[in-house]
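For reference, the structure discussed in these notes is given below.
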There are 2 protein chains.
Amino acid sequence: MYSIGELSRRTGVKVPTIRYYEQMRLMEAPERSDGNQRRYGKSELERLAFIRHARDLGLAIDSIRELIELSGHPDMPCADADRIAKEQLASVRGRIARLRKLERELERIATCCIGETVGDCYVIRALSDHTLCRDEH
Amino acid sequence: MYSIGELSRRTGVKVPTIRYYEQMRLMEAPERSDGNQRRYGKSELERLAFIRHARDLGLAIDSIRELIELSGHPDMPCADADRIAKEQLASVRGRIARLRKLERELERIATCCIGETVGDCYVIRALSDHTLCRDEH
DNA sequence: CTAATTGCTCTAGCGACTAGAGGTTCAAGA
DNA sequence: TCTTGAACCTCTAGTCGCTAGAGCAATTAG
Ligand SMILES: [Zn+2]
Ligand SMILES: [Zn+2]
Ligand SMILES: [Zn+2]
Ligand SMILES: [Zn+2]
């Protein structure tokens, strides 16, 4: 049986975050000691690792809850799980595409300033005038 | 003189967002009509366009405020403005690098499931076991 | 003049935590 | 057994950049 602090050390998830996951119904309410402190077992440790891994991959709390519920029904078709993963991949690709546009513009803006004073600073001029940008963002 | 709605239409910034920028001290408190409604001029329109452009490039409110304050002192050196742009570029590049790692892992996770049920779904297995991942994330 | 639209302020909500207050329980040493 | 200090408990509020809504006042078109 682990205390919440020990579970935190073993998973790298901070103590208040574990309590937050319980509140969000990702973790089930665990057993308690006589003095009302949380006591966890091995299955909770595995679930928390699952949650942490899914969060590290950028999945939303709601998606993770759905995946956890699915994994409790091993005989059901896994189309929903596959869909969640594909949607997350698409979302990540969308964000990358958007950030690459920003990168292109910022590269120009951040490296083209040859002025010395604010009055002729390219950074300030570029921000004032979007027509200097190569494409939309 | 523009009303806040007209300013909104001309810049594409929503009305409550304009009021929010005023509250955050990016926009100065404008003149008011006899009935206490905001009235803007050309300079406020330009400032709002500046703010919108900077936000579109991902700059934080605090950085934008700093840039606006700088642009009021055209004779000062522009090192601070250049630094803010370079930091933003670095931040965007960092986020892209992180997202590319996620993309690699998610690509594998989302496309490798040949199972039909949750019990042998690769998505669920991959989330349960980080050692299946190629690199850290 | 009336009605529709737009404006005003204030408060609360989003997502995923994080920090702090104020109090209780646990574990180890004397 | 007692004491101390770390860890734990619940609850509330703050982060960021908006967005939504309530309940009212001002403007504008017909
Ligand atoms: Zn410069
Ligand atoms: Zn631009
Ligand atoms: Zn599957
Ligand atoms: Zn992994």
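Chain A is the first sequence line, chain B the second, and so forth, proteins listed ahead of strands; every chain is numbered from 1.
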Checklist entry - Toward the 5' end of DNA chain D, which comes first, B/D34 or A/R38, by nearest nucleotide? => result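 Final value for this comparison: A/R38.
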
Spacing between [X] atom [atom1] and [N] atom [atom2], to the nearest angstrom:
X     : N      : atom1 : atom2 : value
B/I18 : C/dG7  : CD1   : C1'   : 12 Å
B/K14 : C/dC8  : NZ    : P     : 17 Å
A/M1  : C/dA27 : CE    : P     : 13 Å
B/E6  : C/dT5  : CD    : P     : 18 Å
B/R9  : C/dG7  : CZ    : P     : 7 Å
A/Q23 : C/dT18 : CD    : P     : 14 Å
A/R39 : C/dA27 : CZ    : C1'   : 11 Å

Next on the checklist: Let's see if you get this right: which residues in residues 49-66 of chain B place a heavy atom under 4.0 Å from DNA chain C?
Outcome noted: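 Contacting residues: none.
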
Next on the checklist: Can you list, in residue-number order, the parts of residues 84-105 of chain A that come under 4.0 Å of DNA chain C, counting heavy atoms only?
Outcome noted: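 Under 4.0 Å from DNA chain C: no residue of residues 84-105 of chain A.
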
Next on the checklist: Once you apply a heavy-atom cut-off of 4.0 Å, does B/R32 come out as touching a base, just sugar-phosphate, or nothing?
Outcome noted: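 The residue B/R32 makes sugar-phosphate contact but no base contact.
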
salt_bridge([X], [Y]) N-O dist < 4.0 Å:
X      : Y      : result
B/E46  : B/K42  : yes
A/E107 : A/R104 : no
B/E69  : B/R25  : no
B/R83  : B/E66  : yes

Checklist entry - Would you say A/Y40 and A/M1 are hydrophobically clustered, going by side-chain heavy atoms of ILVMFWY under 4.5 Å? => result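 No; A/M1 is not reachable from A/Y40 via cluster members.
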
Next on the checklist: Working note: A/V118 + B/H73, criterion side-chain contact (heavy atoms from CB on, under 4.5 Å); need CA distance, chi angles, decisive distance, verdict.
Outcome noted: CA-CA 7 Å; A/V118 170; B/H73 300 279; 5.7 Å; no

Establish, with yes or no, whether the OP1 or OP2 oxygen of [N] is under 4.0 angstrom from a side-chain nitrogen or oxygen of [X].
X     : N      : result
B/T17 : D/dG17 : no
B/S3  : C/dG7  : yes
A/Y21 : C/dA16 : no

Checklist entry - Taking the side chain of B/R19 as its heavy atoms from C-beta onward, which of D/dT27, C/dT18, C/dT9 lies nearest to it? => result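 The answer is C/dT9, which lies nearest to the side chain.
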
Item to check | Listed partners of A/D56 passing side chain to side chain donor-acceptor pair (under 3.5 Å), at least two apart | outcome: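 By the side chain to side chain donor-acceptor pair (under 3.5 Å) rule, A/D56 matches A/R52.
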
Checklist entry - So which one's nearest nucleotide on DNA chain C is more toward 5', A/Y20 or A/S33? => result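 Its nearest nucleotide lies further toward 5', so the answer is A/Y20.
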
Checklist entry - Is the A/H137 ring parallel, tilted or perpendicular to the B/H53 ring (thresholds 30°, 60°)? => result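 Ring orientation, 0 to 90° scale: tilted.
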
Checklist entry - Is the closest side-chain heavy-atom distance between A/R32 and A/R39 below 4.5 Å? => result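 Answer no - side chains too far apart.
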
